[in-house]
Amino acid sequence: MSIGLARLREEPDRIRQGAIDKGEDPAIVDAALALEGKRRQLLGESDTLKAERNAASKKIGEAIRTGAAPNGPEVAALRRASTEAGNLIEKIDAALATAEVELEELMLRIPNPADADVPVGDESANQVVRTWGEILAREVVTDGARWSRRPHWEIAADLKMFDLERGAKITGSGFPVYTGQGSRLQRALIDFMLDIHTAEHGMTEIWPPAMVNAASARGTGQIPDKEDLMYIATRDELYLVPTAEVPVTNLHRDEIFEASQLPVRYAAYSPCFRREAGAAGKDTRGILRVHQFDKVEMVFFEKPEASTEALEWLTGRAEVILQRLGLAYRVLLMATKDMGFVQAKKYDLEVWAPGVERWLEVSSCSNFRDYQARRMAIRYRPEPGAKPELVHTLNGSGLALARTVAAIMETYQQSDGSLVVPEALRSYMRTDRVVA
RNA sequence: GGAGAGGUCGCCUAGUGGCCUAGGGCGCCGCACUGGAAAUGCGGUAUAGCGCAAGCUAUCGAGGGUUCAAAUCCCUCCCUCUCCGCCA
């Protein structure tokens with residue numbers, strides 16, 4: 001259940017249109033509406049019968065207490081009435097349970113309607129909101145000499161910064177081994193990003209488990225929808241996290257915040273594991289698409305009225321990282337059919353990698369509004385003593401490492417084959433240059 | 001992994017089949033008393049669903065079972081604590 005039955009009843013048209021805009025079948029909305037009516041009817045019948053049964057049982061207790069024989073005719077009659085109600089309840093509850101399961105399945109297939117300012121359409125409707133930095137050309141002239149920027153895997157091989165072949169040997173393809181200064185660069189980036197998000201952006205640092213249980217995987221919607229994308233330890237029913245979003249958002253599952261606690265803003269490092277099923281053959285060179293990578297993720301819990309602005313701020317905090325690293329990037333506002341099922345609004349950050357001459361997605365910043373919060377029952381009390389309401393959740397990478405590393409290598413490579421360390425990372429790397 | 005003890009309302013705790021519609025304490029909120037406060041007194045204080053409402057229903061770690069009736073009895077599982085074993 002993600003959209004909320006009350007909202008389904010109140011504004012079916014908006015939800016129907018939202019489904020159409022995202023390329024989903026709007027007929028599901030009507031089917032859900034019909035089932036919801038049936039559910040309420042059955043629930044009413046069941047509740048009435050339960051009230052009758054409870055009253056009858058109570059009478060039996062009273063009768064025995066006031067001296068009636070427990071096996072006498074008076075008690076037997078009452079018992080019969082209660083049993084009859086009980087049998088009927090059993091039948092109605094079975095029908096109700098079926099209706100609820102079906103309804104829940106339908107509700108899970110209704111997407112979160114996109115915000116009004118999101119462009120309607122597929123990939124081609126995505127909007128470039130802004131671009132930052134100099135988009136470097138592959139061909140360069142330095143001191144009169146022509147040379148071409150190389151892709152990151154060639155640089156890494158020369159400077160011994162990662163080793164894909166040995167990664168494939170010890171684990172499998174798509175599991176890079178970072179070595180020497182490459183390994184240090186990983187540490188440096190994680191440290192650097194967390195330092196900025198905590199010290200400058202005021203977020204609370206989280207170091208979450210890399211595996212979660214089924215309830216958590218269900219909470220953020222990894223199962224059942226995206227089960228193919230995850231590595232699963234079946235023996236223990238644990239799931240390797242595809243992003244820190246999963247454990248960190250689940251931190252507050254089934255919890256109620258006080259209004260004074262919000263916003264709650266986390267920055268979390270975690271390794272990320274993705275099977276990338278069906279993606280074989282795409283982006284196979286280098287570290288652009290791997291099964292294990294590292295990422296610092298930002299996760300926000302906000303009051304509903306603050307979430308629109310929070311998404312802009314969140315996106316800006318991811319941009320700060322790219323700016324400090326001196327990497328050229330652009331911000332895309334994703335169109336309805338390209339943004340995902342659960343997002344209400346989403347920005348993608350793409351960094352320019354001049355060696356492969358491509359924009360690489362390094363961050364995806366989304367506002368889920370109350371969709372995710374409903375699924376996980378994450379609420380807050382607007383006023384002390386008031387009825388709890390759903391919070392709004394947001395998250396965004398800040399940033400994903402592998403592609404950022406590729407962009408750094410390709411942006412900062414020199415004609416002599418060495419790598420200049422971005423200024424922001426020098427204190428972390430304890431050097432300003434990586435040489436062979 | 002083995003043995004034991006537990007899991008009840010925000011927290012602590014009572015509760016061993018029907019008077020539990022879950023009692024008490026702490027905390028919190030309101031009111032009274034006060035010049036103001038403390039202390040004291042009175043009242044309130046979970047979540048969800050359904051209903052115009054009065055109210056009804058569900059939830060005592062989770063799920064199943066026994067019963068007219070389950071916090072209470074039975075089964076399975078999860079978690080916490082103590083001790084032992086193993087271990088970075």
Side-chain angles (χ1 to χ4, degrees), chain A residues 1-10 32-104 106-107 207 209-219 223 233-239 247 250-262 264 370 373-391:
Chain A
M1 185 122 348
S2 298
I3 205 88
L5 293 174
R7 189 169 170 207
L8 176 71
R9 289 199 300 258
E10 283 158 21
L33 222 38
L35 247 187
E36 153 65 2
K38 186 180 169 194
R39 182 195 71 96
R40 268 196 297 170
Q41 189 207 330
L42 288 169
L43 189 64
E45 289 172 19
S46 174
D47 279 2
T48 306
L49 283 167
K50 279 174 185 165
E52 282 171 21
R53 183 185 60 182
N54 288 349
S57 286
K58 193 175 280 185
K59 270 188 208 151
I60 293 173
E62 273 164 29
I64 293 172
R65 225 176 306 119
T66 53
N71 293 313
E74 188 193 343
V75 169
L78 286 167
R79 193 170 291 168
R80 216 165 18 246
S82 185
T83 307
E84 272 168 35
N87 290 340
L88 215 52
I89 288 167
E90 212 167 309
K91 281 192 196 113
I92 292 171
D93 276 357
L96 182 61
T98 307
E100 278 177 344
V101 168
E102 283 173 20
L103 179 59
E104 196 163 327
L106 286 176
M107 293 303 283
W207 195 288
M211 293 182 128
V212 294
N213 57 29
S216 296
R218 207 171 298 116
I223 53 174
T234 51
R235 187 168 180 169
D236 299 289
E237 277 186 88
L238 292 175
Y239 300 76
N250 273 285
L251 282 177
H252 297 293
R253 173 154 46 89
D254 298 317
E255 290 186 10
I256 301 172
F257 291 107
E258 291 303 325
S260 59
Q261 294 175 271
L262 296 177
V264 170
D370 65 7
R374 178 172 298 104
R375 200 160 172 160
M376 281 189 267
I378 306 174
R379 293 163 294 171
Y380 82 109
R381 227 177 276 285
E383 301 288 334
K387 194 171 142 60
E389 284 176 26
L390 294 165
V391 301

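By convention in this document, chain letters (A, B, ...) are assigned in the order of the sequence lines, proteins followed by strands, and residues within each chain are numbered from 1. Computed from heavy atoms alone, side chains included, the values below leave out hydrogens, waters and symmetry copies. What you see is a predicted model; the values in this text were computed from it and never measured.
Looking at A/R53, its side chain never comes within 3.5 Å of a backbone N or O of A/S82 through a donor-acceptor pair. Between the side chain of A/R375 and the main chain of A/R218, a donor-acceptor pair closer than 3.5 Å is present.
With a 4.5 Å cut-off on side-chain heavy atoms, A/E389 and A/Y380 count as touching. A 4.5 Å side-chain heavy-atom check between A/E102 and A/L106 finds every atom pair outside the cut-off. Using a 4.5 Å cut-off on side-chain heavy atoms (C-beta onward), A/E104 and A/M107 make no contact.
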Evaluate salt bridge (charged side-chain N to carboxylate O under 4.0 Å, His left out) for A/E36 paired with A/R40, printing each intermediate quantity in order. CA-CA 6 Å; A/E36 153 65 2; A/R40 268 196 297 170; 3.5 Å; yes

Evaluate side-chain hydrogen bond (donor to acceptor under 3.5 Å, both in side chains) for A/N213 paired with A/S216, printing each intermediate quantity in order. CA-CA 6 Å; A/N213 57 29; A/S216 296; 3.2 Å; yes

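Checking B/C52 for Watson-Crick or G-U wobble geometry (two distances, each under 3.5 Å) identifies no partner in any strand. In this entry B/G18 has B/C68 as its Watson-Crick or G-U wobble partner, both defining distances falling under 3.5 Å. Across all strands shown, B/G35 forms no Watson-Crick or G-U wobble pair with both distances under 3.5 Å. Nucleotide B/C9 forms a pair with no other nucleotide shown, judged by Watson-Crick or G-U wobble geometry with both contacts under 3.5 Å. Across all strands shown, B/A3 is found opposite B/U82 as a Watson-Crick or G-U wobble partner, with both distances under 3.5 Å. Figure legend. B/A88 is base-paired to no nucleotide; pairs are counted as Watson-Crick or G-U wobble with both atom distances under 3.5 Å. With both pairing distances under 3.5 Å, B/C77 is matched to B/G61 as a Watson-Crick or G-U wobble pair. Pairing for B/G43 is with B/C29, a Watson-Crick or G-U wobble pair whose two hydrogen-bonding atom distances lie under 3.5 Å.
Regarding A/E255, its CD atom lies at a distance of 13 Å from the P atom of B/G10, rounded to whole Å. Straight-line distance from the CD atom of A/E383 to the C1' atom of B/C29: 13 Å, rounded to whole Å. Rounded to whole Å, the distance from CD1 on A/I60 to P on B/G18 is 14 Å. When the P atom of B/C29 is taken as reference, atom CD of A/E258 falls 12 Å away, rounded to whole Å. Rounded to whole Å, atom C1' of B/U66 lies 13 Å from atom CD of A/E90. Separating the CG atom of A/N213 from the P atom of B/C78 is a distance of 12 Å, rounded to the nearest angstrom. A/E237 has its CD atom 13 Å from the P atom of B/C77, to the nearest Å.
Separation of the C1' atoms belonging to B/G6 and B/A14 is 16 Å when rounded to the nearest angstrom. Comparing B/C42 with B/C50, their C1' atoms sit 34 Å apart, to the nearest whole Å. Comparing B/G25 with B/C79, their C1' atoms are spaced 27 Å from each other, to the whole Å. Rounded to whole Å, the separation between the P atoms of B/A38 and B/C31 comes to 13 Å. Between the C1' atoms of B/C9 and B/U59, the separation comes to 12 Å (whole Å). The same atom, C1', is picked in B/G44 and in B/A3; the two are 47 Å apart, to the nearest Å. Spacing between B/C84 and B/U13 at atom P, rounded to whole Å, works out to 25 Å. Look at the P atom in both B/U45 and B/G55: the space between them is 13 Å, to the nearest Å.
Exactly one residue among A/I92, A/D93, A/N87 makes a side-chain contact (heavy atoms from CB on, under 4.5 Å) with A/I89. That residue is A/D93. Test A/R39, A/E45, A/Q41, A/K91 against A/L96 for side-chain contact (heavy atoms from CB on, under 4.5 Å) and you get one pass: A/R39.
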Protein proximity profile, nucleotides 43-56 of chain B - base contact B, sugar-phosphate-only contact S, no contact -, cut-off 4.0 Å on heavy atoms: ----SSBSS----S

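RNA chain B is contacted by A/R79, A/S82, A/T83 of residues 77-89 of chain A, taking any non-hydrogen atom closer than 4.0 Å.
At most 12 non-hydrogen atoms from other residues, nucleotides or ligands lie less than 6.0 angstrom from CD of A/E90.
A salt bridge does not link A/R7 to A/E10: none of the charged nitrogens lies less than 4.0 Å from a carboxylate oxygen.
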